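Every number for a ligand or one of its atoms is a count from 1 in the order of the listing. The shown structure was predicted, so the numbers you read here are calculated from the model rather than taken from an experiment. Only this structure's heavy atoms are used, side chains among them; waters, hydrogens and symmetry mates stay out.
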Amino acid sequence: MTRKTIRDIDVSGKRVLVRVDFNVPMDQQGNVTDDTRIRAALPTIRYLTEHKARVILASHLGRPKGKVDDRYRLDPVARRLGELLGRPVVKVDDCVGEEPRAAVAKMTPGDVLLLENVRFHPEEEKNDEKFARRLADLADIYVNDAFGTAHRAHASTAGVARFLPAVAGFLMEKEINMLGGALENPERPFVAILGGAKVSDKIKVIENLLGKVDTLIIGGGMANTFLAARGYNMGKSLLEGDKVELAKELIERAAGRGVKLLLPVDLVVAEAADPDAQPKVVPVDAVPADWMALDTGPESAAIFAGEIKKARTVIWNGPMGVFEMAPFAAGTFAVARALAESGATTVVGGGDTAAAVAKAGVAGRMSHISTGGGASLEFLEGRVLPGVAALQEA
Ligand SMILES: Nc1ncnc2c1ncn2[C@@H]1O[C@H](COP(=O)(O)OP(=O)(O)OP(=O)(O)O)[C@@H](O)[C@H]1O
Ligand SMILES: O=C(O)[C@H](O)COP(=O)(O)O
């Protein structure tokens, strides 16, 4: 799945429309509270400005449902981007029509312009051809650097590529190389760790990974359904009763394929998911009827860490417990530290998992933290993302 990138084309003097994913969290006052995704797009923007392109950035923010909504305007993003670039970023109040056209006409090589939220137009999410053409009319070249939105077949992520030479930015390239490299060509042993709340979100990911990994570690809320499939009583734990049969099948499939499947052997349980709860550690066969499992226990964490340290490639999606609450964070932090110390190629996906790695203080020690939530999950399912498929093959 190799795609052409901005290195492969001449951008000098050209108007380059760059789809970025500036869908970032903001506070009530409209300040960007986490600029990770803006920083992640800087290498592409800097390369283009240094190579004298006219850089026209497009993004969505939130889900304004096809209408102008002041809460989802991109002005705070333009301010933050200007600070990070150390140069002014012109922001216009629409993404198509007269105002953007006039602003683009005024640009000189090396300038950066940010268009308004593309989702203020209902045509964006419908991947409307006319709307895609109107976006394309602003530019000579299209660059997709929005990996986080590459699983959406929208006008600015896919449709526009029909009308312009379409290549990947550096973030898109890195995401494809790191996630794709781990999946397609991993150094072995290859270990995948899945956690988070629910099995149902990640069934296709499990199925795809079972054909690729040497070891699959399952923790977090989703482990409860697997433990129930093994016959344990999970008390009041979060559990998907309708997925227990499927979990049994997946356990059998792992065995049939020679994949080592590791589930927790002990759990941190409490009467409620409460930061002031008085938790205790129990073996998996001793969850009290009125209690719930909220973290992977210390013995499990040690077993998981031992397996991770033997690995050469590790993919991780989904925390091992309710890490947002201190009494239930130890399992997740232990796994994060094991990745940091493993010496393996470590690829982390998912918004909550990325937050957990940062909270554990080891974000800088991962090989790659994906900027995609849904996009990284769909990638791990083995799907070709529409935003990637639309780009020219290398
Ligand atoms: N044992 C558990 N019981 C209940 N909830 C749990 C348990 N273990 C983990 N969780 C919850 O799972 C959530 C994270 O799961 P999710 O699958 O959404 O992760 P992610 O894929 O990294 O994040 P995102 O979906 O935001 O990209 C966390 O909020 C965490 O509290
Ligand atoms: O944050 C994300 O996952 C992406 O920006 C996509 O947003 P969406 O789920 O609203 O399409």
Those protein residues which place at least one heavy atom below 4.0 Å from ligand 1: Gly196, Ala197, Lys202, Gly220, Gly221, Leu238, Ala293, Leu294, Asn317, Pro319, Gly321, Val322, Glu324, Gly350, Gly351, Asp352, Thr353, Gly373

Protein heavy atom at shortest distance from [atom]:
| atom | value |
| --- | --- |
| atom 5 (O) of ligand 2 | Asp21 OD2, 2.8 Å |
| atom 7 (O) of ligand 2 | His60 NE2, 3.3 Å |
| atom 9 (O) of ligand 2 | Arg63 NH2, 2.6 Å |
| atom 4 (C) of ligand 2 | Gly148 O, 3.3 Å |

[X] side chain to [Y] side chain, donor-acceptor N/O pair below 3.5 angstrom:
| X | Y | result |
| --- | --- | --- |
| Asp34 | Thr36 | yes |
| Thr157 | Arg152 | no |
| Asp10 | His51 | no |
| Thr371 | Glu175 | yes |

Whether Arg119 lies under 4.0 Å from ligand 2, heavy atom: yes

Under 3.5 Å donor-acceptor, Ser237 side chain and Ala293 backbone: yes

Between [Y] and [X], does any NZ, NE, NH1 or NH2 come within less than 4.0 Å of an OD or OE carboxylate oxygen?
| X | Y | result |
| --- | --- | --- |
| Asp290 | Lys236 | no |
| Arg134 | Glu123 | no |
| Glu207 | Lys204 | no |

Winner among Arg152, His151, Arg37 once heavy atoms are compared against atom 2 (C) of ligand 2: Arg37

side-chain contact (heavy atoms from CB on, under 4.5 Å) partner of Leu57, the single match among Leu113, Leu81, Asp145: Leu81

Ligand 2 atoms in contact with Asn23 (distance to a heavy atom under 4.0 Å): 1 (O), 2 (C), 4 (C), 5 (O), 7 (O)

